[in-house]
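Values in this document were obtained by computation on a predicted structure and should not be read as measured data. Reminder, nothing fancy here: chain letters follow the sequence lines and each chain counts from 1.
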2 protein chains.
Amino acid sequence: MTSSAEPVSRAERKKQELRREIIDAAFDCFAERGYHATGIADVAARLGIGHGTFYRYFQNKRDIVDHVVDDLVGRVTGALTAENAPDAVSTLAEYREQSARIGESLGRIFGEDPRVPRLLLFEAPGIDRAMSERILDLFDLAASLTAAYLTHGVELGYLRADLDIDNTARAINGMILGTAISSLRTPEAQVAQSEALRRIMYDGIAAR
Amino acid sequence: MTSSAEPVSRAERKKQELRREIIDAAFDCFAERGYHATGIADVAARLGIGHGTFYRYFQNKRDIVDHVVDDLVGRVTGALTAENAPDAVSTLAEYREQSARIGESLGRIFGEDPRVPRLLLFEAPGIDRAMSERILDLFDLAASLTAAYLTHGVELGYLRADLDIDNTARAINGMILGTAISSLRTPEAQVAQSEALRRIMYDGIAAR
DNA sequence: CCCGAAACGGAATCGCGTGTCAGTTTCGGA
DNA sequence: TCCGAAACTGACACGCGATTCCGTTTCGGG
């Protein structure tokens with residue numbers, strides 16, 4: 001049920017392949033030079049195709065950036081939801097391990113290719129209102145995901161009963177966001193950053 | 001020593017006044033429609049001046065956005081440094097109070113006028129490389145400020161001795177960033193958000 | 001009240017990038 | 001090998017907006 005009807009055959013597959021290549025090339029260009037600074041011609045040139053061809057695959061410039069973002073959002077949410085259900089854990093220690101695992105996934109995506117956070121956080125919001133709303137939706141989605149983990153923890157009793165779940169979730173996501181942004185300049189600090197984040201959550205910053 | 005040489009007189013003052021009005025109008029436009037979507041003509045029209053006049057005050061479109069950002073950065077750093085030196089406190093309780101005070105200042109700036117975070121976080125980074133570097137510099141500056149507070153706390157012994165100061169500072173700033181971004185949609189949640197942030201720092205999220 | 005300098009305004013210029021389109025090439029099937 | 005459909009190409013047609021420039025207006029000093 002994951003893929004739709006068979007894409008007929010050969011030529012059709014070629015088309016889908018080129019379509020994918022265009023999305024990737026556009027991602028490269030947008031991340032490197034920025035959305036407004038790259039022209040359709042740049043994207044086409046990168047693939048060695050005429051820029052008229054581009055319009056056989058995408059309506060217009062605005063159209064493709066949506067697809068690029070789709071792609072990235074898919075990667076990120078995929079990493080977040082895969083094999084890490086909130087109710088897979090039942091103790092604080094397990095929870096901490098799980099959060100480390102999730103942090104690692106995110107780190108892999110954001111840290112290994114800084115173009116991903118650059119596009120999602122630095123380029124996309126400035127494109128237009130619709131896109132910035134989309135990014136805000138993404139934050140909201142992330143907040144509700146995190147909130148689900150917290151809710152689960154409160155119910156099982158390994159997290160504070162009086163947790164302000166929603167706002168705490170946003171604060172935690174903020175820390176993750178901070179990590180992603182840091183990785184724009186110092187991708188190698190990603191791991192330490194992630195550990196510091198977890199220490200704040202579990203140990204706080206105060207001396208005992 | 002705060003102001004330079006006297007700006008001669010009357011007419012000169014008028015000029016400075018208009019200059020300021022242009023900066024404000026540009027801020028309005030950029031925050032509302034976005035940098036790329038606003039033309040110089042829009043800024044000029046908002047003030048009822050000819051757009052040619054604009055060029056008597058600023059070199060070009062790129063020039064003015066720098067001044068707008070200067071202005072905002074000044075406001076933010078002003079709020080951060082004013083009357084809140086790191087060494088003004090010496091106990092955890094005082095520190096917590098101070099952080100609440102700082103949070104309140106930031107909340108006033110970000111929460112009361114969402115256009116400020118929208119411009120700084122959503123519009124500016126997408127303008128060009130130079131501007132996004134500038135925003136990253138701002139994050140670095142903020143990180144070093146926060147780090148100074150943490151260092152002071154560690155030295156006086158009211159914060160954990162084994163704190164990873166730099167990364168913890170970035171994580172904390174990330175939470176603040178998250179709050180600022182939330183305030184784009186729900187400015188009224190600002191206070192609760194800020195409180196949740198402090199609870200994470202001081203109490204953690206784990207059940208006792 | 002008059003004059004020259006400085007400020008203003010907005011029509012005109014110019015460059016750039018999006019999107020179109022008609023001619024050309026490719027390719028699978030017969 | 002030949003044919004028609006489908007894909008590709010890039011020169012071209014716009015439209016848009018930044019910047020310029022010069023005729024007009026304002027204003028302070030004499």
Peer 1: Just checking A/G52: base, sugar-phosphate only, or nothing, at a heavy-atom cut-off of under 4.0 Å?
Peer 2: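 Result for A/G52 = base.
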Peer 1: Between B/R62 and B/D66, does at least one N-O distance fall below 4.0 Å, as a salt bridge requires?
Peer 2: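 Answer for the salt bridge query: yes.
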Peer 1: Using a strict cut-off of less than 4.0 Å between a Lys/Arg side-chain nitrogen and an Asp/Glu carboxylate oxygen, indicate whether B/R33 and B/D42 qualify as a salt bridge.
Peer 2: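 Looking at B/D42 together with B/R33, the answer is yes, because their closest N to O distance falls below 4.0 Å.
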Peer 1: Would you kindly give the CZ-to-P distance between B/F54 and C/dA11, to the nearest whole Å?
Peer 2: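 My rounded result for the distance is 19 Å.
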Peer 1: Is any side-chain N of the basic residue among B/D113 and B/R108 closer than 4.0 Å to the acidic one's carboxylate O?
Peer 2: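 Judged by the 4.0 Å cut-off on N to carboxylate O distance, B/D113 and B/R108 do not form a salt bridge.
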Peer 1: For B/K61 and D/dG17, is the shortest distance between a side-chain N/O and OP1 or OP2 below 4.0 Å?
Peer 2: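 For D/dG17, neither OP1 nor OP2 has a side-chain N or O of B/K61 closer than 4.0 Å.
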Peer 1: Nearest to the side chain of B/K15 - C/dA7, C/dG19, D/dA7?
Peer 2: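 Nucleotide nearest to B/K15's side chain: C/dA7.
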Peer 1: Check every atom of C/dT18, D/dA18, C/dG9 against the side chain of B/I40 and return the nucleotide holding the closest atom.
Peer 2: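 Nearest to the side chain of B/I40 among the choices is D/dA18.
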Peer 1: Would you indicate which nucleotide in C/dG19, C/dG9, D/dT20 comes nearest to any side-chain atom of B/I49?
Peer 2: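 Ranking C/dG19, C/dG9, D/dT20 by closest atom to the B/I49 side chain puts C/dG9 first.
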Peer 1: Roughly how many Å is it from CZ in A/R19 to P in D/dC8, rounded to a whole number?
Peer 2: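 Whole-Å distance recorded here is 13 Å.
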Peer 1: Hey, is the side chain of A/Y57 poking within less than 4.0 Å of OP1 or OP2 on D/dC8, counting only N and O atoms?
Peer 2: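 For A/Y57, the contact criterion (side-chain N or O under 4.0 Å from OP1 or OP2 of D/dC8) is met.
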Peer 1: Nearest whole Å is fine: how far is C/dT18 C1' from A/I64 CD1?
Peer 2: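 Result: 14 Å.
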Peer 1: Measure distances between side-chain N and O atoms of B/H51 and base N and O atoms of D/dT19, and say whether any donor-acceptor pair falls under 3.5 Å.
Peer 2: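 Answer is yes: a donor-acceptor pair is held.
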Peer 1: What integer distance in Å separates A/F58:CZ from C/dT18:C1'?
Peer 2: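 In whole Å, C/dT18 C1' lies 16 Å from A/F58 CZ.
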Peer 1: Could you tell me whether the phosphate oxygens of D/dT9, OP1 or OP2, come under 4.0 Å of any side-chain nitrogen or oxygen in A/T53?
Peer 2: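 The answer is yes; a side-chain N or O of A/T53 sits under 4.0 Å from OP1 or OP2.
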Peer 1: Take atom CZ of A/R13 and atom P of C/dG28, then tell me their distance rounded to the nearest Å.
Peer 2: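 Rounding to the nearest Å, CZ of A/R13 and P of C/dG28 are 13 Å apart.
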Peer 1: Without decimals, in angstroms, what is the distance between A/D63 CG and C/dT18 C1'?
Peer 2: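 Taking atom C1' of C/dT18 as the reference, CG of A/D63 is at 14 Å.
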Peer 1: If you look at every heavy atom in A/S183 and A/F110, which pair is closest and at what distance?
Peer 2: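 Distance-wise, the nearest heavy atoms are OG-O, 3.8 Å.
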Peer 1: What orientation do A/Y202 and A/Y95 show, parallel under 30°, tilted 30 to 60°, or perpendicular over 60°?
Peer 2: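 A/Y202 vs A/Y95 ring planes: perpendicular.
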Peer 1: Would you kindly give the NE2-to-P distance between A/H36 and D/dA18, to the nearest whole Å?
Peer 2: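 These atoms are roughly 12 Å apart.
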Peer 1: Rounding to an integer number of Å, can you tell me how far B/R62 CZ sits from D/dG17 P?
Peer 2: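 Checked: the CZ to P distance equals 19 Å.
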